Amino acid sequence: MRNPSILSATPVAPSSAGAPAKSRTPARPGVALFDACQVGTVLRAVLFVEAVVAVATMFQAPSPSEWLGLAATVTGGALPATLLWLVLACAMKKPLARLPRVAQYAAGVLLGVLTGLYGCGLLRLTGVLATGPWLASALAGALFAGVAMVALVLRAQGRTPAATTARLEELQARIRPHFLFNTLNSAIALVREEPAKAETMLEDLSELFRQALADPRDSVTLADEIGLAERYLAIEQVRFGDRLRIRWQLDPAASGARLPPLLLQPLVENAVKHGVEPSPDGAKLRIRTERRGSMVVIEVVNSLPPLRWADEPLPRGHGIALANVRDRLRLLHDMQAQFRAGIDQGSYRVRIDIPAES
């Protein structure tokens, strides 16, 4: 049960945005060891190859001018070969995921050999090289592929401890004793006068615990996170009443974007903690999602007590949760995700930009 007087949803209501289902974890047929589809991966690979080319050509160039010419020549074959490997590795991500671990490495190295030969062929076709160092190019491509795959695998493995730590932090924050006690006390007070409302409140609390204790997943949809945030705010609405004024502005086209699990609710919890709790008059809370081309914008905005924002300090407690959110977004979306937070004209605004689901 929700109080419609406090929910102004545009263009859809939160309940239709996708409350979490009882079981959403799909069976995965395979896991890709490395992901070459990230923009940050492409940038790092290009910079790495250019650095290797620059250093390697110094051994053959007696003067700076000759070094520049030789580096440009080698780049003409190395850079297209690198980009081709990245494109093929990205395009073959799903087929590779169905292969055993060793086969994935072998396929990546084979792609490196082929793209190395491709780079050498380009230099031959353009007349830069009279005779092609085919074996050296193939070995260089294989070496690059091996280094790139190991780096990508290590980065992917780094998500596990980081996600686990973040998950434990969010779980501890969610089951804080005072939040649990306040929820239970509010439910007890409603049992006699409004039993249906008390039942709904306990169901929302149960769903929050179920999500916190569920098996970890790499990502969930924005619709799932909106549904979880709605349950949390429904509990807090009973506690704060008219002091908590919520406005939802949800774009259905943004609901499929992927987020790390349990990411949005801590931001909403911070907004309640630092906006509503310290203010006798309460606060306004606005949650907005919007799809803009290939990106999705998520905003959580809460008004602050006048004395808090006048001197513009960072509200105590915001830093840990916001750093947690920033790190988890970077692990999932790399350089494609943007995160901003700060005080803006009496309100605290958190904005997240992530890729839309293709």
Side-chain angles (χ1 to χ4, degrees), residues 1-9 13-15 17-20 169-191 193-213 223-250 261-289 298-305 308 315-318 320-322 324-325 341 347-350:
M1 298 176 63
R2 302 287 183 266
N3 185 353
S5 63
I6 59 167
L7 300 180
S8 175
S15 57
E169 290 176 354
E170 298 307 333
L171 176 58
Q172 292 170 354
R174 181 168 302 131
I175 60 176
R176 292 175 307 176
H178 82 268
F179 169 67
L180 178 59
F181 294 154
N182 287 335
T183 301
L184 294 178
N185 287 335
S186 298
I188 291 172
L190 291 171
V191 165
E193 297 182 0
E194 298 181 83
K197 196 171 184 178
E199 180 182 358
T200 300
M201 188 176 188
L202 292 175
E203 288 176 352
D204 290 333
L205 181 64
S206 174
E207 180 62 24
L208 286 176
F209 274 85
R210 189 189 72 81
Q211 290 289 337
L213 298 172
D224 291 332
E225 288 292 285
I226 290 292
L228 197 63
E230 184 195 6
R231 290 182 180 274
Y232 172 79
L233 289 174
I235 293 174
E236 295 291 52
Q237 188 71 64
V238 175
R239 176 185 171 194
F240 291 106
D242 294 337
R243 290 176 59 198
L244 175 57
R245 299 178 291 278
I246 310 169
R247 183 184 179 191
W248 298 87
Q249 293 177 296
L250 304 179
L262 309 179
L263 186 107
L264 184 59
Q265 186 269 335
L267 297 178
V268 175
E269 184 175 355
N270 260 358
V272 173
K273 180 179 179 182
H274 300 289
V276 182
E277 284 187 3
S279 176
D281 298 327
K284 297 178 181 179
L285 173 61
R286 179 166 64 93
I287 301 173
R288 183 177 73 90
T289 66
I298 305 167
E299 282 191 341
V300 178
V301 184
N302 64 276
S303 57
L304 293 171
R308 169 157 290 178
R316 186 178 180 183
H318 265 301
I320 297 176
L322 296 182
N324 183 5
V325 169
S347 297
Y348 197 89
R349 183 186 307 272
V350 176

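Source: prediction; values computed, not measured.
- Nearest heavy atom pair, residue Leu250 against residue Ile287, reads CD2-O, 4.2 Å.
- Closest approach of Ser347 and Val301 over heavy atoms only: CB-CG1, 3.7 Å.
- Looking at heavy atoms from C-beta onward, Val276 lies out of side-chain contact with Leu285 at the 4.5 angstrom threshold.
- Nearest heavy-atom pair, Ala341 versus Tyr348, reported as atom, atom and distance to 0.1 Å: CB-OH, 3.9 Å.
- The distance from atom CD of Gln237 to atom CZ of Arg245, rounded to the nearest 0.5 Å, is 10.0 Å.
- Using a 4.5 Å cut-off on side-chain heavy atoms (C-beta onward), Arg286 and Gln249 make contact.
- Between Leu264 and Val300, some side-chain heavy-atom pair lies under the 4.5 Å cut-off.
- Using a 4.5 Å heavy-atom threshold, the side chains of Asn302 and Asn270 count as separate.
- The two residues Glu225 and Leu263 make their nearest non-hydrogen contact at OE1-N, 2.7 Å.
- Glu299 contributes no side-chain N or O that, together with a main-chain N or O of Arg349, makes up a donor-acceptor pair within less than 3.5 Å.
- Taking CZ from Arg247 and CZ from Arg288, the interatomic distance works out to 10.0 Å, rounded to the nearest 0.5 Å.
- Taking both residues in full, the closest heavy atoms of Glu277 and Phe240 are given as CG-CZ, 3.5 Å, listed atom of the first, atom of the second, then distance.
- Side-chain contact between Val272 and Leu233 is present, with at least one heavy-atom pair separated by less than 4.5 Å.
- Arg243 contributes a side-chain N or O that, together with a main-chain N or O of Ser279, makes up a donor-acceptor pair within less than 3.5 Å.
- Of all heavy-atom pairs between Gly275 and Pro305, the closest is O-CD, 4.2 Å.
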